[in-house]
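Note sheet for the following structure.
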Amino acid sequence: MSKKLISIILSCVLVASLAVVGVVSVSAAVDNDGRYVPSKGVTETNRIYFFMPESWKSEKFNASDAGAYWWSGTDACEAKDGSAKGAPWPGYKMQVYDADANLFYIDLPADVPNIIFNNFLDGGEKYTDGTYQYSKEQYEAAAQTKDATCQYYSDGDDEYYDNMLDSEFWTKAQEAVEGNDKSFLGNFKDNFFIETEYDLGISMTFDNMIFVIDPENSDVNDLSGKVSYGGNFYFFYGKNADGKYEYGGLPNYEMAKDNGVVNVLDKDAKPATPIQPNKPQVPDDNNGANNNGANNNGGNTNPTATVPAPDKNATSSADSVSTSDTTPTSDNGAVQTGVATAAAALAVVLIAGGAVLYTRKRFE
């Protein structure tokens, strides 16, 4: 009887160990620098860029990187309700595109509907009695955006694009998608598609687009005092002849210039008043504003767009979960890699397997 009992116990341990390995195999991965890379098996991603304000950096708290946190979709970050087990707040560290320009990027799984960008600093919590988990200074140094739609926009989703070109932006985009002339779509023709599952019509993903915050668009939590900033996704044109990065509100760069909606990224400049569609004005080095849309959410050389296949199960930003002042805290180090976790799980499997062999020989 004892032989059978021990064998059963050890077999259960072995099965549990294999299950752990199975979970790890689909967990999110980070590279040697602790930055996010899609987990194994993810084939559809959108490369999205983030321009982090210089003011978000903090030498005292070693905050010089950008972070990305999402709570739904592949590789979802850790959720307070236990629905996801990925990286804890502030999420995953983004890849560096140009450190001097404060440009970061992430190859985001195409099924992720919402995202929060931050300066990869855990500010901890502010308690109801006015005290802080870490310190008031660290709490205030932790910066973040509001939750932003990052899967796709459709006609009617975003005020900025809905009003572009005298409200003809989506009409012209649909005509280009359905017709033979794709010039309106510039180098971003693969971002546009007709959404049919929910009958949303002409839509666009944010592949190779850039998220820029609007410092004049912020919300302050009434209880915690935490500030979060709105922003929007724009077409990222790359560097201009002067070596400065540009972005704008139309997929075709020349059309964007003609309509005065090309902006220059300047990490040290305070963005000016947002440029209004169809009111051309000459952008200078101190603009960088974005007309934030309802969802809160440069050079002639464009990044090459890929063809993502967007998940149609986008959720509203109203479904957001905890952010920096409510999410379980963590240290500011890199997320544990799937490789290290897998190695630990494999060790358990080997130990369990050896125990089974030992037990069988012991009682035979």
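Keep in mind the model is a prediction, meaning the values are calculated, not measured. Just so you know, these numbers use all the heavy atoms, side chains as well, and skip hydrogens, waters and symmetry mates.
A search for ring-ring contact (aromatic ring centres under 6.0 Å, His included) contacts involving W170 returns nothing, not counting sequence neighbours.
With hydrogens and angles left out, the side-chain atoms of T205 and D207 include no donor and acceptor closer than 3.5 Å. Side-chain contact check for N46 and Y152: no donor-acceptor pair (N or O, by modelled atom type) lies under 3.5 Å. For D214 and N232, the side-chain atoms include no donor-acceptor pair closer than 3.5 Å. Counting only N and O atoms by type, the side chains of Q95 and D33 include no donor and acceptor under 3.5 Å apart.
Linking ILVMFWY side-chain heavy atoms closer than 4.5 Å, directly or via other members, places V37 and V42 in two distinct hydrophobic clusters.
Side-chain contact between F235 and L185 is absent, with no heavy-atom pair separated by less than 4.5 Å. Contact of the Y92 side chain with the R35 side chain is not registered, since no non-hydrogen atoms from C-beta on lie closer than 4.5 Å. In this structure the side chain of Y237 never reaches within 4.5 angstrom of the side chain of N263, judged on heavy atoms. At least one side-chain heavy atom of Y234 sits under 4.5 Å from a side-chain heavy atom of Y161.
Salt bridge D266/K244: absent, no basic N to carboxylate O contact under 4.0 Å. Between K60 and E137, at least one side-chain nitrogen of the basic residue sits less than 4.0 Å from a carboxylate oxygen of the acidic one, meeting the salt-bridge criterion.
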Indicate every side-chain donor-acceptor pair of residues 174-181 with a distance under 3.5 Å to a residue at least two apart or in another chain.
from: Q174; atom 1: NE2; to: E178; atom 2: OE2; distance (Å): 3.2
from: D181; atom 1: OD1; to: S183; atom 2: N; distance (Å): 3.0
from: D181; atom 1: OD1; to: S183; atom 2: OG; distance (Å): 2.8
from: D181; atom 1: OD2; to: S183; atom 2: OG; distance (Å): 3.3

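Two rings, from Y132 and Y139, have their centers less than 6.0 Å apart.
Counting heavy-atom neighbours within 6.0 Å of K172 NZ, excluding the residue itself, gives a total of 12 or less.
Partner of F206 under the ring pair (Phe, Tyr, Trp, His ring centres under 6.0 Å) criterion, chosen from Y49, F192, F233: F233.
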